[in-house]
Number of protein chains: 2
Amino acid sequence: MPTPHYGQPRYRAIAAELRDRIENGAIRPGTLLPAESALIAEFRASRGTIRQAIAVLREARFVVTEHGRGSIASLRPHEIGPEKDSEPDAKHRETVADPELATLFGIEAGTVVIERQNVIRRNGAVEKVVRIYRPLQAGT
Amino acid sequence: MPTPHYGQPRYRAIAAELRDRIENGAIRPGTLLPAESALIAEFRASRGTIRQAIAVLREARFVVTEHGRGSIASLRPHEIGPEKDSEPDAKHRETVADPELATLFGIEAGTVVIERQNVIRRNGAVEKVVRIYRPLQAGT
DNA sequence: AGAAATTTGTCCGTATGTATC
DNA sequence: AGATACATACGGACAAATTTC
């Protein structure tokens, strides 16, 4: 893969993408951003580039980075929604595609996919866990 | 000492070595791999390199890693289910529980669980993949 | 019950070599 | 030549989960 950075540099494009996710709630304030390693996999960027992107967000106060913990999306006054779910039976998240999913979706392993997980209980005990995977691609 | 990565990078060579040990039984399925610190000493590699090697194994489902515990050798991927030439839309197979599934089911990570996978297609393309996990005992 | 040790997770800073624009 | 980016690798420090004492 060459290194085309037509227009703005890559780290700025990644920073913009992450900022959008924070603003539109995909990454909720107070929660951790994906780890550097996860962002490397998702954007297929080198560590240096990812760190540059996060540096931009930190500079703009969109995130606060804690050594050994991660980068936390900043709380926005108008978006403070504690929503303390103790343990939801369903949740959304992003993970990376394992080789099989990658093959099925026709993407490369390591690409980020959306995972929805539902926990089905029966008499209190967990009977089964359903995980639904979808490609992330659409219009980003 | 510079950083010569002529040919195969170190982390891949280490991953290959560890995979061999799992395959030939030197590290038996269900047991823990040596700790990162031990691997660092053995291969004289940095922690980052060791962790990259283990990430390769995890990606290929050769191990399941648990925070604070270690990486558990899994059943070999090619022994887990029947080999397929083509991809059916639904299939049963056995996999190993990742830490989250283990917690939900109240079993230990690395334990074998039943996985049923359904592939939902739409106009030929794979729209989503549904995976349903159940413990071994129940449901039979 | 609690403290310490172990182990993995994450971030920080740096370095070398390669490739592209 | 310089700026950008990638892949690899090192070492250090702090955080968090688990195990051991």
Please state how far atom [atom1] in [X] lies from atom [atom2] in [N], giving the value in whole angstrom units.
X	N	atom1	atom2	answer
Gln8(B)	dA9(D)	CD	C1'	15 Å
Arg47(A)	dG9(C)	CZ	C1'	13 Å
Ile50(A)	dT4(D)	CD1	C1'	14 Å
Gln52(B)	dT8(C)	CD	C1'	16 Å
Glu66(A)	dA15(D)	CD	P	8 Å
Leu32(B)	dT19(D)	CG	C1'	11 Å
Ile40(A)	dA5(D)	CD1	P	14 Å
Phe43(A)	dA7(D)	CZ	P	15 Å

Report task. Please test Glu59(B) against Arg12(B) for salt bridge (charged side-chain N to carboxylate O under 4.0 Å, His left out), starting from the C-alpha separation and ending with a verdict. Result -> CA-CA 13 Å; Glu59(B) 164 83 9; Arg12(B) 291 208 175 273; over 6 Å; no
Query raised in the report: Touch check for Arg58(A), heavy atoms < 4.0 angstrom, all strands: base, sugar-phosphate only, or nothing?
Result: sugar-phosphate
**Report entry** Thr103(B) (side chain) donor-acceptor with Pro99(B) (main chain) under 3.5 angstrom
**Finding:** yes
Query raised in the report: For every nucleotide of nucleotides 1-7 of chain C, 5' to 3': is a protein heavy atom under 4.0 Å from its base (B), only from its sugar-phosphate (S), or from neither (-)?
Result: ------B
Should [X] be listed as having a side-chain N or O under 4.0 Å from OP1 or OP2 of [N]?
X	N	value
Arg10(B)	dC10(D)	yes
Tyr11(B)	dA9(D)	no
Arg51(A)	dG13(C)	yes
Thr49(A)	dC6(D)	yes

Query - Sequence-distant partners of Asp98(A), salt bridge (Lys or Arg N to Asp or Glu O under 4.0 Å), two or more places apart - result: Arg61(B), Arg131(B)
**Report entry** Donor-acceptor side-chain pairing of Arg10(A) and Thr49(A) below 3.5 angstrom
**Finding:** no
Query raised in the report: Within a strict 4.5 Å, meaning less than it, do heavy atoms of the Val126(A) and Ile120(A) side chains meet?
Result: no
Requested in this report: Hey, could you give me each pair passing salt bridge (charged side-chain N to carboxylate O under 4.0 Å, His left out) that has a residue in residues 25-50 of chain B? Not counting sequence neighbours.
Outcome: Arg21(B)-Glu42(B), Glu36(B)-Arg47(B), Glu36(B)-Arg51(B)
Query raised in the report: Once you round to the nearest 0.5 Å, how far does CD1 of Ile14(B) lie from CD1 of Ile50(B)?
Result: 4.0 Å
